[in-house]
Amino acid sequence: MLSKRQNQTKLVFIQRHLLRVLSRMLVKKFRVGNTVTCVIEYIFDGSRLKVHVTDPDLATADLQYANFTLILGGVASPTQSEPFADEAKQFVEARLLHRDLKISLHGTDKSGICPVGTIHHPKGSIGVELLKNGLARVSDWSSRIMNPLDIPAFRVAENNAKRSNLGVWHSYSPPQISGAAEILGTVIEVLTGNTIAILPTGEAYDSASELKKVSLASVRSPRVGNDRLGKPDENYVLECKDRLRVMCTGKTVKVSIHYERDIAMGEFNEKRQFGTIAVGKRPEVGEVLVIERLVVTQHHRDDEEKSPRYDALVAAEAAAKIAKKGVHSDKEYKSKTVNDLSESKKAKSYSGPLVRAGRVKAIVEYVFNGSRYKLLVPSENCQIVFALENLKTPQPSAPASVVSRGQARPPEPFGDLSKRHARLNVLQRSVEILCGGVTNGGVITGEMFVGGGAQKRDFSLEMLEQV
């Protein structure tokens with residue numbers, strides 16, 4: 001024998017199940033290009049309405065005279081306890097209440113209970129009108145399931161309301177950017193799959209503080225893991241970073257800053273700039289990464305600043321998901337294992353093939369000082385510590401992590417200058433190396449050549465001439 005409370009819980013469960021079934025049936029029948037005739041019976045708020053189905057074509061499917069709660073696609077108006085909620089509700093009531101209108105459906109909310117759709121009014125879109133008058137915001141989650149061609153009108157209406165400080169935007173002010181809103185410079189290093197370090201044009205690379213750290217706006221790349229916390233790298237983290245490296249490192253880019261965020265960096269917060277990065281003929285490298293299925297778009301709150309190309313990014317992501325490859329793949333990810341030859345025993349054992357191979361291509365992953373580097377050799381699938389033979393550069397300042405442990409060696413004159421020159425010219429670049437031997441410490445020595453074709457040069461000679 002069930003108690004009264006158990007009976008009520010069971011009844012609620014059955015009601016929810018029936019609503020989900022009804023929503024699925026309606027969406028399945030009227031999702032693609034079809035409409036259903038309904039009467040708007042009640043307005044809960046500016047973007048949620050009670051709808052009564054009157055379409056006679058649904059009689060055979062037992063859906064005529066059904067009732068459901070409709071969420072307006074692409075907009076989110078204030079709820080009852082928020083400012084301008086009454087104005088939004090009255091605005092919709094005056095235009096839709098008790099009207100026979102056509103509705104097309106796009107999907108459902110997360111619960112699967114409420115269909116999300118568009119109301120087709122003879123005089124236009126009620127969602128756009130709400131946005132024009134500042135009585136709603138563009139809804140990120142519901143706009144993602146709509147036709148991408150419908151969203152630009154929503155965004156234009158919202159932006160106009162922002163500039164005019166209408167309704168919910170009455171206290172809105174454009175984001176304040178510390179520094180220039182546009183940066184032209186050279187990419188020195190790709191830090192992650194969506195963050196780069198830029199040396200602005202005209203600035204001398206006198207210290208690391210001259211570099212500007214910028215992240216791609218409205219894009220989320222796979223995250224690097226944390227060994228101390230036991231978190232592994234996310235899938236495609238290396239592929240994403242390498243693709244951004246190929247597109248940007250050493251090239252002149254134009255960055256348009258759109259907003260800033262405080263990013264937690266250990267015990268401190270770092271103010272990070274987010275923007276659109278254009279390089280060569282590519283107006284937005286973030287969109288390239290989305291198309292190539294290496295990143296996903298960031299889910300923003302409705303009142304958050306975002307990239308002005310956000311809708312294009314979302315549309316590109318929707319198209320990329322269809323192929324179910326890359327970050328959207330359902331298949332098990334197989335990470336590539338690279339042989340680490342930084343240990344002396346391994347380096348001595350495996351150095352023979354590198355020495356016999358002659359000139360091989362490598363990628364400079366890290367610069368220890370002006371003459372010592374960490375390299376990735378793709379043809380041999382290994383990482384090595386490489387030093388220029390017959391050349392020794394001064395000791396640079398130690399990294400902060402080494403200083404904090406009290407293990408730092410004092411810097412020598414011109415040590416930082418030689419390291420900065422190497423970072424500026426070879427860090428994350430493709431180079432050629434000619435291995436000559438290996439030291440007792442496991443460091444492979446040899447020559448390094450940078451540039452291509454007639455511009456190819458011995459980097460040891462360049463270091464001697466420049467530093």
Not counting sequence neighbours, which residues clear side chain to side chain donor-acceptor pair (under 3.5 Å) with Gln383? List them please. Glu365
Test side-chain contact (heavy atoms from CB on, under 4.5 Å) on Val75 and Ser139 and set out the steps. CA-CA 5 Å; Val75 298; Ser139 171; 5.6 Å; no
Say you draw a straight line from CG of Leu166 to NZ of Lys132; how long is it, rounded to the nearest 0.5 Å? 12.0 Å
Hey, are the side chains of Ile384 and Tyr350 touching, using non-hydrogen atoms and a 4.5 Å cut-off? no
Who are the side chain to side chain donor-acceptor pair (under 3.5 Å) partners of Lys456, not counting sequence neighbours? Glu432
Pairwise side-chain contact, Val314 with Val290, heavy-atom cut-off 4.5 Å (strictly under): no
Is there side-chain contact between Asn194 and Arg220, with heavy atoms separated by less than 4.5 Å? no
Approximate separation, where rounding is to 0.5 Å, of Gln395 CD and Ser418 OG: 9.5 Å
ring-ring contact (aromatic ring centres under 6.0 Å, His included) contacts in which one or both residues fall within residues 206-232, not counting sequence neighbours: none
Test side-chain contact (heavy atoms from CB on, under 4.5 Å) applied to Arg457 and Val450, step by step: CA-CA 6 Å; Arg457 58 198 185 277; Val450 297; 3.5 Å; yes
Does any pair with a residue in residues 159-178 pass side-chain hydrogen bond (donor to acceptor under 3.5 Å, both in side chains), and if so which ones, sequence neighbours excluded? Asn160-Arg163, Tyr172-Glu305, Ser178-Glu260
Report yes if the side chains of Asp302 and Asp140 come closer than 4.5 Å at any heavy-atom pair, otherwise no. yes
Between the main-chain N or O of Ser77 and the side-chain N or O of Ser47, is there a donor-acceptor pair closer than 3.5 Å? yes
Those residues that, when tested against Tyr366, pass side chain to side chain donor-acceptor pair (under 3.5 Å) (two or more places apart): none
For residues 124-131, which side-chain donor-acceptor pairs fall under 3.5 Å, sequence neighbours excluded?
unit_1	atom_1	unit_2	atom_2	d
Ser125	OG	Gly127	N	3.3
Ser125	OG	Val128	N	3.3

Any side-chain heavy atom of Cys435 within less than 4.5 Å of one from Ser351? no
Within 45° of the ring axis of Phe449 and under 6.0 Å from its six-membered ring centre, is that where the NZ or CZ of Arg359 lies? yes
Evaluate whether atom NZ of Lys212 has more than 12 neighbouring non-hydrogen atoms of other residues, nucleotides or ligands under 6.0 angstrom away. no
Does the ring centre of Phe274 sit less than 6.0 Å away from the ring centre of Tyr259? yes
Between Gln273 and Ile257 (side chain of the first, backbone of the second, donor and acceptor by atom type, cut-off under 3.5 Å), is there such a pair? no
Could you list all the salt bridge (Lys or Arg N to Asp or Glu O under 4.0 Å) pairs where at least one residue sits in residues 179-189, not counting sequence neighbours? Glu182-Lys254, Glu189-Arg423
Show every salt bridge (Lys or Arg N to Asp or Glu O under 4.0 Å) that has at least one partner inside residues 270-290, sequence neighbours left out. Lys213-Glu270, Asp262-Lys271, Glu270-Arg272, Glu287-Arg309
For Tyr205, look at atom OH and say whether over 12 heavy atoms of other residues, nucleotides or ligands are found less than 6.0 Å away. yes
Sub-3.5 Å donor-acceptor pair from the side chain of Arg429 to the main-chain atoms of Asn425, do we have one? yes
Non-hydrogen side-chain atoms of Leu216 and Leu289 separated by less than 4.5 Å: yes
Separation between NZ (Lys306) and NE2 (His258), nearest 0.5 Å, reads 12.5 Å
Quick check: do Val431 and Phe459 have side-chain heavy atoms less than 4.5 Å from each other? no
Using 0.5 Å steps for rounding, measure from the OG atom of Ser221 to the CZ atom of Arg243. 15.0 Å
Side chains of Met448 and Met463: does their closest heavy-atom pair fall under 4.5 Å? no
Check: Asn133 side chain, Leu135 main-chain N or O, donor-acceptor pair, under 3.5 Å: no
side-chain contact (heavy atoms from CB on, under 4.5 Å) assessment of Glu304 paired with Arg261: CA-CA 11 Å; Glu304 275 188 335; Arg261 295 276 189 275; 3.9 Å; yes
Sorted by chain and residue number, the side chain to side chain donor-acceptor pair (under 3.5 Å) partners of Thr297 (sequence neighbours excluded) come out as Arg144, Glu317
According to the salt bridge (Lys or Arg N to Asp or Glu O under 4.0 Å) rule, which pairs have a member within residues 170-179, sequence neighbours left out? none
Quick check against the 3.5 Å criterion: does Asn381 have a side-chain atom that pairs as donor or acceptor with the backbone of Thr337? yes
Hey, could you give me each pair passing side-chain hydrogen bond (donor to acceptor under 3.5 Å, both in side chains) that has a residue in residues 319-334? Not counting sequence neighbours. Glu239-Tyr333
Would a distance-only check, ignoring hydrogens and angles, find a side-chain to backbone donor-acceptor pair under 3.5 Å from Lys251 to Val246? yes
Take Val327 and Val295 through the side-chain contact (heavy atoms from CB on, under 4.5 Å) test and state the conclusion after the steps. CA-CA 7 Å; Val327 293; Val295 299; over 6 Å; no
Taking Thr186 for its side chain and Thr252 for its backbone only, find out whether a donor-acceptor pair lies under 3.5 Å. no
Kindly say whether Lys89 contributes a backbone atom to a donor-acceptor pair with the side chain of Asp45 at under 3.5 angstrom? no
Residue pairs passing the ring-ring contact (aromatic ring centres under 6.0 Å, His included) test with at least one member in residues 137-163, sequence neighbours excluded, are none
Do the charged groups of Arg245 and Asp242 touch, with an N to O distance under 4.0 Å? yes
